[in-house]
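Notes to accompany the following structure.
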Amino acid sequence: MDELREKLFYQQKNGYDRIDMEERLALEAYSADYMAFLNASRTEREAVKNAVAAARERGFTEYRRGMELTPGTKLYHINRGKAITLVTIGRQPLSQGAVIAGAHVDSPRLDMKQFPLYEDTEMGYLRTHYYGGIKKFHWITIPLELHGVVALKNGDVVDVSIGREPGEPKFVITDLLPHLGGEMMKKPMNEAYTGEGLTVLIGSAPYAGAGKDRVRLALLSILNDLYGITEEDFLSAELAVVPSYEACEIGLDRSMIGGYGQDDKVCAYAALRALLDAEAPERTCVCMLADKEETGSEGVTGMLSDAFESFMEELCQAQGVALRRCFENSFCLSADVPSAFDPLYADAFEKRSTAKINYGVGILKYTGSRGKHNTNDASAESLAALRRILDENQVVWQMAELGKVDHGGGGTIAKFMAQRNIDTVDLGTPLLSMHAPFEICSKLDCYSTYKAIRSVFTAR
Ligand code: MN
Ligand code: MN
């Protein structure tokens, strides 16, 4: 019977029981690099800049129309500063399809409104409109940084970043003291804190002299000194506050990583590094880092935009290949984070089907919610091909599902890639506290995600 059990049962093992010392050292080194990327990439624009810097170091050049595409050519193409596609041309023509890893580099945050600045009771505030799915109370009384751009009428774009560098001031949203919170604490959590209430305190010292709005004037004067902007320039700005938490190791054993924006920069970094490390691939490899996933992938820098076709079509044309031929033979990994099973909230999960910390990269046949709505439901054949590649390359992996069938769900860019007639499978690093200002993953799962994507890039 033991033999039969061994043969017939599917046994999962903790990743730490499956890797050797060499792998442990590799995952530590990889995790350190990832944390540095995460700290420096607070917004999609910053992530794109850092991806470009990393790619240029490895010999990638910016795509120019008409450039020669030969096996091994490494190029990147930026979409409006907020999304990027990086490509290594394979030995086979694009008619054989590309291997694509798509992730997103936007994360939940609080965007400034276009009339953000006001003064109340001689304190200065910024009004916000939150971006992505958040639990609002998370954003109260935590240190915040201001990031983004202000586009001026003369065409100049001013980069704004306050609170990231050591010694820089930070910002905060205040809370009501519990002593007076009796009524508030009786409210359901989604009513106790409101969207309009997510208003950021940014200063309190009045401008010297007499008259109204002296705090607002003082704050505008500081912004004018720093960036040369006036209040009117907020009209064409994209500014956001993000949590000011430094990515760090979590646990006595340092086995986990905590940080802001791991959804989905943990997979974005894995896809990027996998592409940079995939030397001379058989098929053309593509790393697509998209914007706007957290708000539904709409907008010109989201995965629903035609920007991806437009760029891929140019590559295809350079090889005399029809884009549709390329897409129908392509394979895409939609690299985005699934939830990890959390025993503190066990009721929300079906334990057997949910990813577990340290059991490796999570593979999802489907995402979506309530009856598989809004999902790419990957084919059995695609999953079988992926299983083979991951096992051949000793990748630690596990099947994953978001949570209990009737509890809700979420989507990824997978369905938008499938819409393009590209076979697509979801995969990603399981997270605890997803969409909180400080998210947790395991180093082993983080490294396994990179290894999985690299294996698919380099598979024969
Ligand atoms: Mn995501
Ligand atoms: Mn998300």
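Note that the numbering runs from 1 along the sequence shown for the chain. These values consider heavy atoms only, across backbone and side chains, with no hydrogens, waters or symmetry-generated copies.
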Exercise. Drop me the distance from Tyr131's OH to Met112's CE, to the nearest 0.5 angstrom.
Key: 14.5 Å
Quiz item: Does the Arg42 side chain pair with the main chain of Pro243, one donor and one acceptor, at a distance under 3.5 Å?
Solution: yes
Quiz item: Do you know the tightest heavy-atom contact between Cys446 and Val266?
Solution: SG-CG2, 3.8 Å
Practice problem: Using modelled atom types only, decide if a donor and an acceptor are shared between the side chain of Arg45 and the backbone of Gly148 within a distance under 3.5 Å. | Solution: no
Quiz item: Would you say Glu231's side chain and Leu220's backbone share a donor-acceptor pair under 3.5 angstrom?
Solution: no
Exercise. Would you check if there is a donor-acceptor pair between the side chains of Thr141 and Asp175 at a distance under 3.5 Å?
Key: no
Exercise. Check whether the side chains of Ser334 and Thr424 place a donor and an acceptor atom closer than 3.5 Å, and report yes or no.
Key: no
Quiz item: Do side-chain atoms of Thr367 reach the backbone of Gly411 as a donor and acceptor pair under 3.5 angstrom?
Solution: no
Quiz item: Which pair of heavy atoms, one from Tyr260 and one from Ser107, lies closest together, and at what distance?
Solution: OH-CB, 3.6 Å
Exercise. Locate the shortest heavy-atom distance separating Ile453 from Ala335; write the atom from each residue and the value.
Key: CD1-CB, 4.1 Å
Practice problem: For the pair Asn39 (side chain) and Ala247 (backbone), establish whether a donor and an acceptor sit closer than 3.5 Å, ignoring hydrogens and angles. | Solution: yes
Self-check item: Minimum-distance pair of heavy atoms, taken over all atoms of Val396 and Gly15
Solution: CG1-CA, 3.8 Å
Self-check item: Donor-acceptor contact below 3.5 Å, side chain Gln114 vs main chain Phe234
Solution: yes
Exercise. Verify the distance criterion only: is there a donor paired with an acceptor across the side chains of Tyr76 and Arg56 at less than 3.5 Å?
Key: yes
Quiz item: Does a salt bridge link Lys265 with Glu46, judged by any charged N lying under 4.0 Å from a carboxylate O?
Solution: no
Exercise. Using a 4.5 Å cut-off on heavy atoms from C-beta on, say whether the side chain of Val286 contacts that of Val99.
Key: no
Quiz item: Quick one: does Ile142's side chain get under 4.5 Å of Tyr245's, heavy atoms only?
Solution: yes
Exercise. Check the pair Phe60, Leu275 against side chain to side chain contact (heavy atoms under 4.5 Å, CB included), reporting the backbone distance first and the verdict last.
Key: CA-CA 11 Å; Phe60 282 68; Leu275 186 84; 3.8 Å; yes
Quiz item: How about Phe349 and Phe341: are their ring centres within less than 6.0 Å of each other?
Solution: yes
Quiz item: Measuring from Leu383:CG to Leu390:CG, what's the distance to the nearest 0.5 Å?
Solution: 10.0 Å
Quiz item: Between Asp263 and His104, is any side-chain donor less than 3.5 angstrom from a side-chain acceptor?
Solution: yes
Quiz item: Would you call Lys443 and Glu28 a salt bridge, using N to O less than 4.0 angstrom?
Solution: yes
Self-check item: Glu57 CD: over 12 foreign heavy atoms closer than 6.0 Å
Solution: no
Quiz item: If you round to the nearest 0.5 Å, how far is CE of Met35 from OH of Tyr30?
Solution: 11.5 Å
Exercise. Check whether more than 12 heavy atoms from other residues, nucleotides or ligands sit under 6.0 Å from atom OH of Tyr16, and answer yes or no.
Key: yes
Quiz item: Below 4.0 angstrom, N of the basic side chain to O of the carboxylate: do Arg80 and Glu44 qualify?
Solution: no
Quiz item: Any side-chain heavy atom of Lys365 sitting closer than 4.5 Å to one from Asp377?
Solution: yes
Quiz item: Side chains of Trp139 and Pro437: closer than 4.5 Å at any heavy-atom pair?
Solution: yes
Practice problem: State the CZ-CD distance between Phe115 and Glu232, to the nearest 0.5 angstrom. | Solution: 9.0 Å
Self-check item: Residues Arg216, Glu122: salt bridge by 4.0 Å N-O rule
Solution: no
Quiz item: Which heavy-atom pair separates Asn224 from Ile229 by the least distance, and what is that distance?
Solution: ND2-O, 2.9 Å
Quiz prompt | From CG (Leu180) to CE (Met185), nearest 0.5 Å | solution = 11.5 Å
Quiz item: Strictly by modelled atom types, are Asp277 and Tyr450 linked by a side-chain donor-acceptor pair under 3.5 Å?
Solution: yes
Self-check item: Test item: Ile134 and Leu110 side chains (from C-beta on) under 4.5 Å apart, heavy atoms
Solution: yes
Quiz item: Could you walk me through whether Gln419 and Leu304 pass the side chain to side chain contact (heavy atoms under 4.5 Å, CB included) check?
Solution: CA-CA 9 Å; Gln419 249 167 39; Leu304 276 168; 3.9 Å; yes
Exercise. Without swapping roles, check the side chain of Gln262 against the backbone of Ile257 for a donor-acceptor pair under 3.5 Å.
Key: yes
Self-check item: Lys292 backbone acceptor or donor facing Asp106 side chain under 3.5 Å
Solution: yes
Quiz prompt | Close side-chain approach of Met288 and Met303, heavy atoms under 4.5 Å | solution = yes
Quiz item: Do Ile100 and Phe308 come within less than 4.5 Å of each other through their side chains, counting heavy atoms only?
Solution: yes
Practice problem: Kindly indicate whether the side chain of Met399, heavy atoms from C-beta on, has any atom under 4.5 Å from the side chain of Gln12. | Solution: no
Exercise. Before giving the answer on side chain to side chain contact (heavy atoms under 4.5 Å, CB included), spell out for Val48 and Leu289 the whole-Å C-alpha distance, their side-chain angles and the decisive distance to 0.1 Å.
Key: CA-CA 8 Å; Val48 166; Leu289 305 181; 5.7 Å; no
Quiz item: What do the steps show when you test Ser255 against Leu444 for side chain to side chain contact (heavy atoms under 4.5 Å, CB included), and what is the final call?
Solution: CA-CA 8 Å; Ser255 61; Leu444 189 148; over 6 Å; no
Quiz item: OH of Tyr345: more than 12 outside heavy atoms within 6.0 angstrom?
Solution: no
Quiz item: Does NZ or CZ of Lys136 fall inside the cone over Tyr193's six-membered ring, less than 6.0 Å from its centre and within 45° of the axis?
Solution: no
Quiz item: Where the side chain of Glu168 meets the backbone of Arg164, is there a donor-acceptor pair that is under 3.5 Å apart?
Solution: yes
Self-check item: Any donor-acceptor N/O pair, Arg109 side chain to Ala240 backbone, under 3.5 Å
Solution: no
Practice problem: For Thr301 and Asp291, test the side chains for any donor-to-acceptor distance below 3.5 angstrom and give the result as yes or no. | Solution: yes
Quiz item: How long is the gap from OG1 on Thr412 to OH on Tyr366, to the nearest 0.5 Å?
Solution: 14.0 Å
Quiz item: Are there more than 12 heavy atoms of other residues, nucleotides or ligands under 6.0 Å from atom NZ of Lys372?
Solution: yes
Quiz item: Relative to each other, are the rings of Phe37 and Tyr269 parallel, tilted or perpendicular (30° and 60° limits)?
Solution: tilted
Exercise. Give the minimum heavy-atom separation between Val105 and Ala268, together with the two atoms involved.
Key: CG1-CB, 3.7 Å
Practice problem: Can you label the angle between the His77 ring and the Phe311 ring as parallel, tilted or perpendicular, going by 30° and 60°? | Solution: parallel
